[in-house]
Amino acid sequence: MPLVVRLRSAVCLLGRFPALAGVDLDVHAGEILLLAGPNGAGKTTLLRLVAGLVPLYSGEAEVLGADLTLDRRSARRHLALVGHETFCYDDLTVRENLRFVARASGGDGGTVDATIDRLGLGAVADLTHGKLSAGQRRRLALGTALVRDPELLLLDEPHAGLDADGRAVLHEIVAAAPGEGRTVLMASHELDLARALATREIRVDSGRTSLPVGGPA
Amino acid sequence: MPLVVRLRSAVCLLGRFPALAGVDLDVHAGEILLLAGPNGAGKTTLLRLVAGLVPLYSGEAEVLGADLTLDRRSARRHLALVGHETFCYDDLTVRENLRFVARASGGDGGTVDATIDRLGLGAVADLTHGKLSAGQRRRLALGTALVRDPELLLLDEPHAGLDADGRAVLHEIVAAAPGEGRTVLMASHELDLARALATREIRVDSGRTSLPVGGPA
Amino acid sequence: MSVWREAGLVAGKDLRIESRSRVAVSQILPFGLIVILLFAFALDPDRGFLARVAPGLFWIAVLLASLLAIGRAFQTEEQHNARDGLRLAGLDGAAIFLGKAAAIALELLVLEAILGTGVVLLYNVSVHGIGVLLLTALAATIGLAATGTLYGVLAAGIRLRETLLPLLLLPVLAPVMLGATRAFEDGLEGAPGDAWPWVALLGIFAVLYTAIGVLAFGPLWEES
Amino acid sequence: MSVWREAGLVAGKDLRIESRSRVAVSQILPFGLIVILLFAFALDPDRGFLARVAPGLFWIAVLLASLLAIGRAFQTEEQHNARDGLRLAGLDGAAIFLGKAAAIALELLVLEAILGTGVVLLYNVSVHGIGVLLLTALAATIGLAATGTLYGVLAAGIRLRETLLPLLLLPVLAPVMLGATRAFEDGLEGAPGDAWPWVALLGIFAVLYTAIGVLAFGPLWEES
Amino acid sequence: MRTRDRLLDPRLSRALGVASLVSLVVLALFGLWGAPEDGTQKEAQRLMYLHVPAAWLAYLAFGVTAAASALFLWPRTRSLVWDRLAGASAELGVLFTALTLVLGSLWGKPVWGIWWAWDARLVTTAVLFFLYLGYLALRRIPSGDPIGSAKRNAIAALIAFVDVPIVHFSVEWWRTLHQKATVFNPQLDAKIDGVMALTLWIGVIAFTILYLYLLDKRYRLASLEDEMEEREVEAAIAERIGAPVEVAR
Ligand code: HEM
Ligand SMILES: Nc1ncnc2c1ncn2[C@@H]1O[C@H](COP(=O)(O)OP(=O)(O)OP(=O)(O)O)[C@@H](O)[C@H]1O
Ligand SMILES: Nc1ncnc2c1ncn2[C@@H]1O[C@H](COP(=O)(O)OP(=O)(O)OP(=O)(O)O)[C@@H](O)[C@H]1O
Ligand SMILES: [Mg+2]
Ligand SMILES: [Mg+2]
């Protein structure tokens with residue numbers, strides 16, 4: 001199976017601090033890979049590197065066949081990131097935010113209503129982002145990733161802030177991903193929930209990936 | 001035992017939306033009370049009302065003996081809130097942020113170093129808030145609450161973003177609270193972890209509190 | 001998807017946000033009007049050179065208001081890191097540039113029309129050579145919007161954009177302001193012949209910066 | 001804890017944030033200098049009235065720069081909702097007001113010294129009556145800082161503070177600007193006698209707004 | 001909170017409406033034919049009978065706003081009635097200020113040869129206009145706390161009122177193109193022809209009646225708006241609650 005992500009001795013600097021200090025990582029198509037590790041380990045930085053949002057300082061990085069040092073845009077087109085922030089506009093409604101992302105990614109916005117239903121955002125679909133509660137925002141963030149129908153789904157602590165119902169929806173989405181042709185790379189501190197989903201787990205610590213824990217290699 | 005929080009038909013508007021639509025709540029001294037409920041139920045609004053950060057539209061609210069409609073300041077002095085945001089300055093370091101809060105609350109900053117140790121922030125104590133990872137920020141937010149040595153501790157999803165180690169620290173802090181003369185009011189979606197701590201649980205839904213679930217009344 | 005469709009999408013989004021928040025209409029416009037009032041006050045009307053310096057003051061007011069408008073256009077991208085979302089969407093850099101610049105230019109044109117009316121009434125200016133004035137305003141506005149958008153992205157992502165942007169922009173926009181002022185002066189003095197070189201200069205500036213923007217915005221946007 | 005200690009704490013925090021981020025030094029100051037340059041451009045030095053209108057232009061530049069400084073002082077309170085943290089700390093409203101205003105006034109005084117030097121050099125102004133000028137600047141600065149802080153909190157918490165603040169502040173500050181301009185004119189023309197009423201007016205304004213601030217800031221801060 | 005929902009008895013209000021109509025007609029008769037033509041300004045001077053009352057009524061309206069705001073801030077008289085009154089009066093004040101500016105400009109063209117001059121009186125009046133526009137903008141910002149935002153509004157109104165004396169004394173403090181105070185001069189010794197003075201006073205009375213009438217109407221509108229908002233909120237609460245929930249303590 002082809003490699004979706006391939007990192008070799010990848011180093012990323014935040015300011016002058018090596019948030020990633022030489023990471024090696026292979027992610028295979030169809031995997032659900034869990035990144036676990038303590039606060040400040042570099043999980044968020046790793047996901048942002050793969051998404052092409054922070055630059056590579058040294059080493060090699062290939063995502064969806066594109067070399068990140070040469071061409072970040074073509075990889076970005078086919079992946080989606082749910083980060084600590086929502087990437088949404090405060091003055092647009094839930095529906096408008098989703099439609100904008102869908103159309104900007106080249107779609108026609110036809111899946112927006114289905115996504116709103118799937119995420120249980122029906123009641124707040126016409127409320128602007130600025131008025132949403134923390135959990136409603138997390139659901140919307142998940143929605144903006146789904147409407148793009150990505151090949152690679154990057155999730156940064158997707159459980160945080162979601163209620164039981166939201167977690168069930170998240171579980172269902174991630175579990176269905178391989179069947180829909182998606183690969184998932186997920187950082188989480190909800191180890192029990194995340195492990196129930198993951199096909200493999202990798203530990204990130206002090207800006208390095210260390211021996212994989214559990215799951216098939 | 002005296003009532004720490006007493007709400008009667010409390011209504012709070014966000015814009016024109018009744019985020020709290022008539023809440024009755026009694027919190028007794030020394031309790032660890034868990035607020036559970038779906039996304040958008042009004043938990044954050046309830047905590048912010050008790051903290052005197054959102055105004056009461058109608059109803060009665062008394063916190064630590066002070067009537068919130070007349071005097072929010074004197075209640076605020078003796079409580080602390082760990083909210084979705086950190087209330088910190090991006091350009092101040094962890095230590096400076098903690099020292100400012102401690103001194104602004106009338107203390108002399110003598111407990112700052114101990115708090116840094118307790119929360120495992122030693123390695124980043126001289127890093128500015130802007131550079132912290134998500135979990136490090138949550139720890140700092142917890143720290144700003146602790147240095148104030150509050151009688152009433154309000155926690156809004158304190159588990160979110162914390163790693164295993166951070167959760168252990170949180171657990172220890174909350175469990176020790178009654179012994180240190182603190183009352184705790186906590187909203188959380190990590191029900192297993194939170195229930196292990198709580199002495200009582202109340203469900204919040206659609207801006208109302210409903211029947212208590214589990215725990216002694 | 002064509003660049004034009006993408007540009008339309010971005011411009012539509014920005015204009016919709018403006019129609020919700022009404023920052024330009026209810027805040028930037030009054031700001032411009034008040035600046036015009038202040039100038040008049042500071043320059044002591046008795047001495048009677050207000051009408052003579054009206055073009056310069058008008059363009060300073062437009063410039064200051066447009067700094068606010070540009071700041072606002074990039075502020076919306078920074079809340080909740082929307083900029084990262086836009087980068088992930090994979091829109092063409094040229095399209096983002098054209099869309100944002102078009103939205104800003106539209107807002108500025110409305111602003112100029114109203115501020116211009118204000119200046120004419122308040123500074124007691126008699127209007128001649130309306131054609132020259134309109135062309136000047138159009139060329140200058142395109143220049144302002146293109147440069148502003150380009151520099152807006154240079155300053156974007158920097159935590160202090162709000163205060164840094166004016167610093168970056170003012171020196172670059174000084175020539176636009178100078179050219180537009182001279183063209184307005186000549187136009188108002190009934191010497192449109194003298195104005196044309198200035199209009200041409202503004203036109204060149206507008207084309208130049210639009211071209212630079214179309215080419216450079218993509219890479220800048222990706223890196224910022 | 002005394003009001004003065006609390007005010008010192010707040011001022012110290014704000015000045016420390018400034019010393020880290022250097023917004024005032026590296027961005028607001030250059031902005032002011034560029035505005036002064038722009039005026040020179042727009043008002044065409046050949047006609048030779050730059051020196052005469054120098055006081056007015058100086059105070060407009062100071063005013064615009066101080067809008068930025070005030071905006072910045074409240075922007076720091078809005079990141080991560082720091083304002084809520086400050087409210088929870090239970091500081092006295094008067095102390096917060098005095099602390100923030102003092103920090104702003106200090107920054108503005110430095111700014112004025114440098115911009116003033118710039119104006120003298122660029123506009124070719126000859127300086128007389130330095131005593132009047134210094135007193136004027138002091139009174140006007142206190143007035144600017146007090147009013148700015150008071151209005152800063154009126155607009156605080158409103159999502160569009162950045163653009164609303166200038167709108168609210170400019171009309172209130174117009175009299176300060178006028179008074180300071182006239183006092184500078186009289187001072188520079190070597191007629192300090194004419195300047196004193198203006199200085200007195202500025203003094204009254206400063207005292208009045210400081211008093212209003214000390215009384216009103218608390219309730220405003222609590223409600224906003 | 002229950003508050004007074006009308007300012008005046010409806011019959012009194014109706015009477016005021018009629019009275020303001022009648023007095024405006026009398027003013028027109030006196031202003032256009034009764035009062036003598038001015039020696040130097042000719043017919044243009046007749047604008048005074050509108051311009052000056054408009055300016056004074058603007059002062060009065062802002063004064064009422066300030067007084068009502070102070071009454072709101074005073075804990076013993078705190079009531080939303082004062083907030084509503086302050087808002088209604090400020091709107092009328094802005095209206096009268098706009099009228100003063102427009103009429104002054106119309107008058108300036110024939111007399112001074114220009115629509116607008118950079119004169120202290122004119123500029124401070126314009127500043128006044130913008131100041132209260134800002135105040136009205138501030139009032140419109142929604143908040144879930146009627147008392148809290150009323151407090152904020154009240155403080156803003158008191159700050160803004162500082163400009164009113166500045167407008168009045170501007171002609172004394174600065175050399176101005178605009179006329180110095182002739183009626184309310186520092187000596188309180190009106191220097192004005194008898195019939196002219198009478199006409200001016202008719203204008204002031206007519207405008208005052210009109211102001212009271214409009215104030216009552218605007219207050220009524222505001223209280224209806226508040227009532228409607230209250231009902232909307234109650235409906236929203238009922239909707240949020242949906243089926244009755246068992247309440248826990
Ligand atoms: C846009 C232009 C003008 C504005 C904004 C303006 C504003 C005002 C204001 C605010 C007042 C009230 C003063 C007070 O009692 O405190 C006033 C009064 C008056 N104005 Fe004007 N005015 C303007 C133009 C004119 C013109 C063109 C004339 C005639 C030459 C004029 C003649 C007067 C007179 C006679 C009074 C009454 C003075 C007194 O007895 O106090 N105004 N104006
Ligand atoms: N400019 C800087 N100087 C020094 N250290 C920095 C700087 N910027 C970021 N850091 C550090 O880099 C690391 C970034 O970690 P990252 O956000 O990737 O962690 P994470 O694994 O996502 O943690 P969390 O679980 O808390 O979200 C943190 O330890 C942070 O303190
Ligand atoms: N202006 C508004 N108009 C309508 N609804 C609003 C407005 N502002 C907030 N809301 C709604 O008010 C509710 C606020 O809920 P709150 O943030 O207290 O929820 P929560 O229980 O903390 O949820 P979460 O678990 O997601 O954090 C949300 O349902 C939100 O959609
Ligand atoms: Mg992280
Ligand atoms: Mg919440």
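Here is how names work: the chains are called A, B, and so on, in the same order as the sequence lines, proteins then strands, and each is numbered from 1.
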Please look at Glu157(B) and chain A and tell me whether the side chain, the backbone, both or neither of the residue comes under 4.5 angstrom of a heavy atom of that chain.
-> side chain
Any idea which of Arg138(B), Lys43(B), Arg167(B) has the most non-hydrogen atom pairs under 4.5 angstrom with chain A?
-> Arg167(B)
Who pairs with His189(B) by ring pair (Phe, Tyr, Trp, His ring centres under 6.0 Å), at least two apart in sequence or on another chain?
-> none
Shortest non-hydrogen pair, Ser133(A) vs Gly40(B), comes out as OG-N, 3.3 Å
Select one option (side chain, backbone, both, neither) describing which atoms of Arg139(A) are under 4.5 Å from chain B's heavy atoms.
-> side chain
Chain A contacts, top residue of Leu132(B), Asp163(B), Thr45(B), Asp156(B) (heavy-atom pairs, under 4.5 Å) = Asp163(B)
Assess whether atom CZ of Phe17(B) is packed by more than 12 heavy atoms of other residues, nucleotides or ligands within 6.0 Å.
-> yes
Largest heavy-atom contact set with chain B, pairs under 4.5 Å, which of Pro38(A), Ala36(A), Ala160(A), Gly15(A) = Pro38(A)
Do any of residues 109-124 of chain B have a heavy atom less than 4.5 Å from a heavy atom of chain A, and if so, which, in residue order?
-> none
Could you look at Leu162(B) and say if it's the side chain, the backbone, both or neither that has a heavy atom under 4.5 Å from chain A?
-> both
For Asn39(A) and Gln136(B), indicate whether the former's side chain and the latter's backbone hold a donor-acceptor pair under 3.5 Å.
-> no
To the nearest 0.5 Å, tell me how far Glu190(A) CD sits from Asp192(B) CG.
-> 9.5 Å
So what's closer than 4.5 Å to chain B heavy atoms on Leu127(A): side chain, backbone, both or neither?
-> neither
Arg6(A) atom CZ: more than 12 heavy-atom contacts under 6.0 Å | yes
Most heavy-atom pairs under 4.5 angstrom with chain A, which of Ala134(B), Ala41(B), Gly161(B), Ala164(B)?
-> Gly161(B)
